[in-house]
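Heads up: the structure comes next, in structure tokens.
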Amino acid sequence: MVWFLSDQPTEVLSGMGVMQRLEMIPFQLIMGISDGVIPLVAYTFASGDRRRMRAAIRMTLGIGLTISLAGLVLYEIFASDLVRLFINDPSVVEYGASFLRLRALAMPSVVVEFMLIAVFQATGSARQAIVLSLLRKGTVDIVLMALANFMWPLMA
């Protein structure tokens, strides 16, 4: 991604850097929750208590979606103000707020993906977990970034 961004003005890079710092807050919470439920899902899966396992997954998914939706709403409403906490340059704030709003849209899907990976890991389905991770970080992300750049170029 560095090769793509190296041609961009410093305002774009600064805005992206601020966005990455801000998005880490709910992202880390979501990751921690999904990683934290792995032992509970594994224990209940191994004991055969599918009802309790499904309840744990639903509860964790609900908490993660609540965090992601709260982040989405807060980042949508206060994106410019949050970016301005880091830097006060108007063009950086504009880029950073736009990037933050776009990244916040993906948070609910990240919750679902992290929970799927956690459940696959907990139930001994490592192959499915690896495939899902590779699809997200490899093929799907790259294709979507190229498509988005073609449809909505950053620098027109």
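What you are looking at is a predicted structure, and each value in this text was computed from that prediction instead of being measured.
- Using a 4.5 Å heavy-atom threshold, the side chains of Val83 and Ser80 count as separate.
- Taking OG of Ser98 as the reference point, atom CE of Met19 lies at 11.0 Å (rounded to 0.5 Å).
- A distance of 7.5 Å separates OG1 of Thr123 from CD of Gln128, quoted to the nearest 0.5 Å.
- Between the Arg50 side chain and the Phe45 main chain, a donor and an acceptor come within less than 3.5 Å of each other.
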- Message: Does Ile30 form a side chain to side chain contact (heavy atoms under 4.5 Å, CB included) with Ser68? I'd like the steps, not just the answer.
- Response: CA-CA 8 Å; Ile30 292 165; Ser68 71; 3.9 Å; yes
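- A distance of 13.0 Å separates CZ of Arg58 from CD1 of Ile63, quoted to the nearest 0.5 Å.
- The shortest side-chain heavy-atom distance between Ile33 and Ile67 falls under the 4.5 Å cut-off.
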- Item | Working for side chain to side chain contact (heavy atoms under 4.5 Å, CB included), residues Thr60 and Ile57 | CA-CA 5 Å; Thr60 307; Ile57 293 168; 6.0 Å; no
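- Side chain of Ser34 to main chain of Met31: a donor-acceptor pair is present (N/O by atom type, distance under 3.5 Å, no hydrogens or angles).
- No close placement of the Tyr75 and Phe99 rings is indicated, their centers lying 6.0 Å or farther apart.
- The two residues Pro108 and Leu69 have their closest heavy-atom pair at CG-CD2, 3.9 Å.
- Both Val111 and Ile117 sit in one connected hydrophobic cluster of ILVMFWY residues. Membership requires side-chain heavy atoms under 4.5 Å apart, directly or through other members.
- In this structure the side chain of Leu13 never reaches within 4.5 angstrom of the side chain of Tyr95, judged on heavy atoms.
- Here the closest heavy-atom approach between residue Met24 and residue Gln20 is recorded as CG-O, 2.7 Å.
- Under the 4.5 Å side-chain heavy-atom criterion for Ile, Leu, Val, Met, Phe, Trp and Tyr, Val131 and Val112 are members of distinct hydrophobic clusters.
- Side chain of Ser14 to main chain of Glu11: no donor-acceptor pair is present (N/O by atom type, distance under 3.5 Å, no hydrogens or angles).
- The two atoms that bring Met107 and Pro26 nearest to each other are SD-CG, 3.4 Å, heavy atoms only.
- Residues Ile25 and Ile77 share a hydrophobic cluster, clusters being chains of Ile/Leu/Val/Met/Phe/Trp/Tyr side chains in contact below 4.5 Å.
- The shortest non-hydrogen separation linking Gln121 to Ala129 is CG-CB, 4.0 Å.
- Within 6.0 Å of CD in Glu94 there are 12 or fewer heavy atoms belonging to other residues, nucleotides or ligands.
- Taking all atoms of both residues into account, the shortest heavy-atom contact from Leu61 to Met115 is CD1-CG, 3.7 Å.
- A donor-acceptor distance shorter than 3.5 angstrom exists from the side chain of Arg101 to the backbone of Glu76, with no hydrogens or angles considered.
- In the hydrophobic cluster analysis, where Ile, Leu, Val, Met, Phe, Trp and Tyr join through side-chain heavy atoms closer than 4.5 angstrom, Leu132 is grouped together with Phe27.
- Expressed to the nearest 0.5 Å, how far CZ of Arg51 lies from OG1 of Thr44 amounts to 10.5 Å.
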- Message: Between Asp81 and Arg84, does the side chain to side chain contact (heavy atoms under 4.5 Å, CB included) criterion hold? Intermediate values first, please.
- Response: CA-CA 5 Å; Asp81 297 324; Arg84 207 172 285 112; 3.1 Å; yes
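- A donor-acceptor pair shorter than 3.5 Å can be found between the side chains of Asp89 and Ser91.
- Residues Val93 and Leu74 fall within the same hydrophobic cluster, defined by Ile, Leu, Val, Met, Phe, Trp and Tyr side chains chained together at heavy-atom separations under 4.5 Å.
- With rounding to the nearest 0.5 Å, the separation of CZ in Arg54 from CE in Met59 is 15.5 Å.
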